[in-house]
Visitor: 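Sharing a structure here in C-alpha cells format.
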Amino acid sequence: MLVEDLLKNNYLITAPAYHLLQPHYGRDFTLSELIKFVKAKGKFVIDLEIAEEFLRGKGLLPVERPEGGEEKPPVSEGKGAVEGSISTGNAPLSAALNGVEMGDTTLPVEGESSISTGDEAHQTPVEEASYENEADENGLSGGDVPLENGDEVEVPVVYGDYGIPITYVEEELPSAEKSYDVYDDVRISPKEGFSYRAAQIPDDYAIALDLTHLKVSPPKAKNASGKEGELLVESYRSLFLSRVRKMRRILRENPEVGGVIDIGKLGYISAGEQVTVIGLVNDKRESAKGYILEIEDATGIVKAFISRDKEDAGLVKGIMHDSVIGVQGQYSGRGIIFADRIYLPDVPKFRRKKPPLEEKVYAVLLSDIHVGSNKFCEKAFEKFLEWLNGNVENEAHAELVSRIKYLILAGDVVDGIGIYPGQYNELAIPDIFDQYEALANLLRNVPGHITMFIGPGNHDAARAALPQPGFYEEYARPLFKLKNAVIISNPAVIRLHGRDFLIAHGRGIEDVVTEVPGRDHHHPAEAMMELLKLRHLAPTFGEKVPLAPDPEDFLVIESVPDLFQAGHVHVLEFLTYNGVFIINTGTWQAQTEFQKMVNIVPTPAKVPIIDVETARLRAVVNFDQFCEGV
Ligand code: D5M
Ligand code: FE
Ligand code: ZN
C-alpha cells in the first residue's frame, strides 16, 4: 500500500496525489524511485503537483495537464477532495508534530519515552479502516451529515488516503506544505595538501566519569505493602545520604576541617564546647544580626547562627539550598551552633602541575548546537566545518586546525520537539529523528582523526532529570553510528592526555542565578564557579532542575577537574578559579523569540579552542558573521 509504505519512510501524501499514483505503484514505479524524487525536491508531503511531475517524468502522464483536469477520488459521487489537505488520519498534522513532550520531567519510565516523532501519523491506516466502516454504516457519501433532530448541515469533507470521506467538523488542516533540509548534501573533505599534525599524535583519552550505563528506571510507585510513594522517598533519601557522604570526604581533605561529629551526637556535648558538623543546608535565613542555617546529616538536624561580622558570613550568599557545607563553632547546648567558621567543599587554592606533553594538541569545546531550530546558525556551522577541513586564511589558523584532536559537544545538540511553548513555530526540522539525522550529516564532515565526545542536554532525546545517562538510542541513532564519536553522559569527565575535563550541560546554572545574589545568566562562568565551590552540578532540589531519584549522587564534583565546561546558557564566558579553567561554551543558535522575552542575549558561533596541556584557552575563532540574526 503506497500510503503505508510512504508513512514508514516519514512521507505524507495528499488524497489527490494518492489517487493519481496508486494505480501505477509497483507496476510503473518503485517506492524508492518516488522517495528519491521527492527527497530531491526537499519535500516531505507529496501533493498533486509533485505526483504529476513525477509521473510526467516517467512518461505516464501527458506533458500538459488539461484545464481543470484534476483527478477525483473514484470512491464516491460526493464532492472532490479538498486540495492540499494532508492525510494524517484523524490527527491533524499540527497536533501530530507539535503537542509533545520530551520525556518525563522527573520520573521517566525505562524504555518508555514520550517523545513525539510525528509517528502518530503511522496510525493512519488502522484508523482509516474504522472510518471505512463508519462511513458505510452511516451511509455517508457526501457532505451532508444528518443530525439527530433531522436538520442537515454542510460540513467540509476531506478524503482519506483510501478515498474514504472523513468528516472534519473542527480544525482545518494547515494547507501550507513544509519542507526542510537535513544537510545530506553537505559534504566537505579535508583540503588537499593540508597536513594534520594531530593525525600523527596518538589518541590519549579515557572517560573517567561515565554514566551512560546508569539504569534509568525509577523506583516503583508502590512498595510491597501497597503504600504509594515510600520507595520514591527512600530513593531520594539515599541520594542525599550519598551526597553527604561524598561531601564529607571532600571536606575532610581540607586540613582546617577537624573534629567532625554527627549531628545526632550533639546531645552528648556540653554547652560551650567547640564542634564541627557537616550536612545539607535545609534552610537559610537572614536575621537582624546575621544568618541562620539549618543543617542536616544522616543522624539529625541542627541550627547554626553566624553573625554578620564574622569573616565567613560572606560565604553565606553562595550557599545554595541542599548543598553540603561544614560549620564550626560553639555548641549552645540547645540545638544551635554559634558558628565561627563556614567551610564550603570548594577546590584547593593550588594544584600540582601535570607533566608536560610531548606535543601540543587542542580540543574544540562546543555546546547548544540546536540543529532543527530555524535559528540554528547553519551557515556558520558549515563554515566552521570547512575551517576544520583546512580551509583557513593564514598560518596561525592552519596551526590551530592542524593540532585539533578532540571535539566536545556538551548537550542541546538538537533543538528537540515541544521543549518550550511555541517552539513548533521556530523549528526548521519538526521531527526528532530528522534532527539527529541532520546533525550527523553535518558531523560526518569532521575529519576522521578528530574524536568527538557528544553528550545530551535538556533539548535532547534523553532522560530529562539529571544526571542524563546519554541519548535514547532509538532517536539519536545517527550519532551512535558516527565512526569517530563517543557518546558521553551528562555529566561526564573526559581525561585527555592526563587532564580532567568535567563536561556538563549546565542546567544547575539556572538555580545559581535565581538563588545566589549577584549572579546572572549573562555571566555563566561566574555561576559555574559557584557550583564548583559547592562541588555540585545542581544542588537545589525541587526548583528548576529535576533531579532523578538515583541511589547515588553523581552530580557531586568528586575530583577536582583541570577544566570545567558547561553550556545551556548560550553565552561564551571563561575564567580561572583556583587553577580550574571554567568555560561556558555558548551556542550555535541565534536569539529565539522565547529568549527575547526573557532577555537572554546569546553569543552564537564562537569556537573556543583549548590547549589540552594547560587546559587553558588557546584561541576563540569567530564565525558569527555567518550567523543570521546576530
Ligand atoms: O536554554 C537557553 C537559555 O534559556 C538558557 O539561558 C536557559 C534559558 N531558559 C531555558 N528555559 C527557561 C525557562 N523556562 N525560563 C527562563 N529561562 C529559560 P535552552 O536549554 O537552550 O533552552
Ligand atoms: Fe541550549
Ligand atoms: Zn539547554
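Just follow the structure's listing: the first ligand is 1, and inside any ligand the first atom is 1. Residue numbers run from 1 in the order of the sequence given.
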Visitor: From the Fe ion (ligand 2) out to just under 2.8 Å, does an N/O/S atom of H568 turn up?
Guide: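 Checking the Fe ion (ligand 2) against H568, no N, O or S atom falls under 2.8 Å.
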
Visitor: Tell me if the aromatic rings of Y436 and Y475 count as close, with their centers under 6.0 Å from one another.
Guide: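 Judged by ring-centre distance (under 6.0 Å), Y436 and Y475 do not meet the cut-off.
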
Visitor: Among E426, Q589, H370, which residue meets the side-chain hydrogen bond (donor to acceptor under 3.5 Å, both in side chains) test with K375?
Guide: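 Per the side-chain hydrogen bond (donor to acceptor under 3.5 Å, both in side chains) rule, the option paired with K375 is E426, out of E426, Q589, H370.
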
Visitor: Within the side chain of H505, is there an N or O that forms a donor-acceptor pair under 3.5 Å with the backbone of A410?
Guide: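 Between the backbone of A410 and the side chain of H505 there is a qualifying donor-acceptor contact (under 3.5 Å).
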
Visitor: To the nearest 10°, what's the angle at the Fe ion (ligand 2) between atoms OD2 (D368) and NE2 (H370)?
Guide: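 Between OD2 of D368 and NE2 of H370, at the Fe ion (ligand 2), the angle is about 110°.
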
Visitor: We want to know whether D550 and Y236 form a side-chain donor-acceptor pair, criterion being a heavy-atom distance below 3.5 angstrom.
Guide: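 Absent: no donor and acceptor within the cut-off.
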
Visitor: Fit a plane to each ring of Y205 and F453, take the angle between them on a 0 to 90° scale, and name the class: parallel (under 30°), tilted (30 to 60°) or perpendicular (over 60°).
Guide: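 Y205 and F453: perpendicular rings.
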
Visitor: As a test of reading the model: which N/O atoms of the protein lie under 3.5 Å from N/O atoms of ligand 1, and at what distance?
Guide:
residue: ligand 1; atom: 1 (O); partner: H568; partner atom: O; Å: 3.1
residue: ligand 1; atom: 20 (O); partner: D412; partner atom: OD2; Å: 3.1
residue: ligand 1; atom: 20 (O); partner: N458; partner atom: OD1; Å: 3.2
residue: ligand 1; atom: 20 (O); partner: N458; partner atom: ND2; Å: 2.8
residue: ligand 1; atom: 20 (O); partner: H459; partner atom: NE2; Å: 3.4
residue: ligand 1; atom: 20 (O); partner: H568; partner atom: ND1; Å: 3.0
residue: ligand 1; atom: 21 (O); partner: H370; partner atom: NE2; Å: 3.1
residue: ligand 1; atom: 21 (O); partner: D412; partner atom: OD2; Å: 3.0
residue: ligand 1; atom: 21 (O); partner: H459; partner atom: NE2; Å: 3.4
residue: ligand 1; atom: 21 (O); partner: H570; partner atom: NE2; Å: 2.8
residue: ligand 1; atom: 22 (O); partner: H459; partner atom: NE2; Å: 2.6

Visitor: Any donor-acceptor pair under 3.5 Å linking the side chain of D434 with the backbone of E437?
Guide: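 It does not hold such a pair.
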
Visitor: Using the ring of each side chain (for Trp, its six-membered ring), is F376 parallel, tilted or perpendicular to Y183, with breaks at 30° and 60°?
Guide: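 Ring orientation of F376 relative to Y183: perpendicular.
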
Visitor: Report, as a single number, the protein N, O or S atoms less than 2.8 Å from the Zn ion (ligand 3).
Guide: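 Protein heteroatoms (N, O, S) closer than 2.8 Å to the Zn ion (ligand 3) number 4.
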
Visitor: Going from CG on D500 to CG on L209, what distance comes out if it is rounded to the nearest 0.5 angstrom?
Guide: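 Here the interatomic distance stands at 10.0 Å.
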
Visitor: Using a strict threshold of under 4.0 Å (side-chain N to carboxylate O), is an ion pair present between D346 and R535?
Guide: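 Not counted as a salt bridge, because no side-chain N and carboxylate O are separated by less than 4.0 Å.
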
Visitor: Quick check with a 6.0 Å cut-off and a 45 degree axis cone: is K317 positioned over the face of Y291's six-membered ring?
Guide: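 No, K317 does not sit over the ring of Y291.
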
Visitor: D412: which N/O/S atom is nearest the Fe ion (ligand 2)?
Guide: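 The Fe ion (ligand 2) is closest to the D412 atom OD2, counting only N, O or S.
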
Visitor: Verify the distance criterion only: is there a donor paired with an acceptor across the side chains of H568 and N458 at less than 3.5 Å?
Guide: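 Note: H568 and N458 side chains meet the donor-acceptor criterion.
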
